[in-house]
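Step one of this worksheet: look at the structure below.
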Amino acid sequence: MDTKQLAELLYPSLPKTLGDWEEEFRLRELPEGAAVTRLGPSPTGFIHLGNLYSAFVDERLAHLSGGVMILRIEDTDQKRRVEGSEELIIRSLSHYGIIFDEGVTLEGERGSYGPYRQSERAAIYHAAGKVLVERGWAYPSFMEEEEIEALRKKQEALKILPGIHGEWATERELSLEEVKAKLDEGKEWVLRLKSRGEGRETFSIEDGIRGSVRVHPNVHDTVLIKADGLPTYHFAHVVDDHLMRITHIVRGEEWLSTLPIHLEVHEAFGWEHPVFCHTSHLLKMEDGNKRKLSKRKDPELSLDFYHQEGYFPEAIREYLMILLNSDYEEWRRDHPETPLEAFNFRIDHMSGSGALFDMEKLHDVSKDVLLTIAEERILSFLLEWADEYAPESAPEMHARKDELLQLLAIGRDAKKPRKDLIYAKQIYTFIHYYLDKDFRLEDELPERVEREEAVGILEDFLATYDYNDDNSAWFDKIRKISEARGFALRMGDFKRNPEQYKGTVSDVSTVVRLGVTGRTNSPDLWSVMHIMGEERATARLRSFLETLR
Ligand code: GLU
């Protein structure tokens, strides 16, 4: 068979040859060791933590080495395409500090290796497919679904590996005339790889994350270009990664099983393949067992979730880095103030066996990270979150933003700083007592304090309260009231002789706290009252008094 003629028959008038494209997409001039990475999401309208996890690896690899990170939209499956996905991907990732250097952007395409949407690269794939046909590495296949299905049944009955491979790939032998006749009939066709893997031994390849990985050779005549003229993932990403001069392919471990196909396509072209880096799945603990995070069961897999709850991107980045490199936490301990970008992230320090994603750990990390973020930034993030997710409270929050700033700062510069702040929704819940609109009594009087006693405490407090008292003068007054009313000043005294006291000084201050905040727990009460101002604080205490009388 004259494969050159076959190639000409299948792809008669292409604007450019693969050689032309090779010329056009010159090797990049980058510093030695610079990594060129790409994220290749499909525009399905859903962006998840796994995408961010991979993107973070791409980003660190590229930017730590002086390289380039590309956004390529893998939209060859037109049925799954969802309007607005590209924008969602770009915005969601940039929220977490992932800004692409090249590829699809909100302002159009950037870079000279495009187009960066696979659906616009058909001419390139056809030129590439044509070369494989010429070299006897690919052929047209006219088999219909039913025929493939019948073949599979027959193979199963014979206990033979199902699929189009080896001697079962009968269309490998079609003559030029037969192909011509079918094309003339208008029969649909796909382009298949003519695999040379049958009979080959397993072999090893070096994965950037996993080290040496044992691989079975591919034997299947996999579809490279579909009947609609668009390529499959297997073909498209190989061609694109080569022509975009990608050095590292970071992708999920679900692609390990089809890696042999990708390796064989590279071989067919005679191209050196980039470094494959297969990340491991994100896992979660459930009933003592680890399992994969699932789109259906776990809302925390969707990036939307983190947006709605108002997690700080800094915290998510920090936690992802902990998941990515096991030595990161130690580095962080030694460099508490250093930006994460300074950490020497290494793909060969990533785990190949699953990363356990734990919400509680995320919260702990978040508490620490928020201590390093200026209150101004915490507040502006909170206000932005509130505009979207707490619109009823947002106007008062904006109006009181100077007060909220002070409120958020309480206890943060102490030797052992308070770690009350985790994420926007939680912070909102933590401070919303402060807003008149949201204020209500959330807790009950302390157990040891009767209603009447509480009335007395509040009356005493209001009678002596002076806004200008400093923290210790303020507390002295609480102590005086406690003593006069028979409450112990020290916990120890009360514990030793409980029958001598009505309770402790903390019961007394709790009554006041309840009046001001509606809660029995709050950051430093003197500070809260001071920020609130005399008028609002005493008005709350007086109205509490009314409800108790
Ligand atoms: N479009 C593929 C996906 O969304 C990309 C995989 C890759 O990065 O090669 O899974």
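For ligands, and for the atoms within them, numbers begin at 1 and follow the listed sequence.
The nearest heavy-atom contact from the protein to atom 8 (O) of ligand 1 is Arg38 NH1, 2.8 Å. The protein atom (non-hydrogen) at minimum distance from atom 3 (C) of ligand 1 is Gly40 O, 3.9 Å. Given atom 7 (C) of ligand 1, the protein heavy atom at minimum distance is Tyr233 OH, 3.2 Å.
Side chain of Asp101 to backbone of Met69: a donor-acceptor contact under 3.5 angstrom is found.
Using a 4.0 Å cut-off to heavy atoms of Ser42, the atoms of ligand 1 that qualify are 1 (N), 4 (O).
If you look at Glu74 next to ligand 1, the close heavy atoms, those under 4.0 Å, all belong to the side chain.
Classification of Arg317 and Glu314 as a salt-bridged pair fails, no side-chain N sitting under 4.0 Å from a carboxylate O. Using a cutoff of 4.0 Å between basic side-chain nitrogens and carboxylate oxygens, Glu22 and Arg245 are scored as salt-bridged.
Heavy atoms of other residues, nucleotides or ligands lying less than 6.0 angstrom from NZ of Lys292 number 12 at most.
Judged by a 6.0 Å distance limit and a 45° cone about the ring axis, Arg28 is positioned over the six-membered ring of Tyr113.
Residue-to-ligand polar distances keep Pro41 apart from ligand 1: every N/O pair is separated by 3.5 Å or more.
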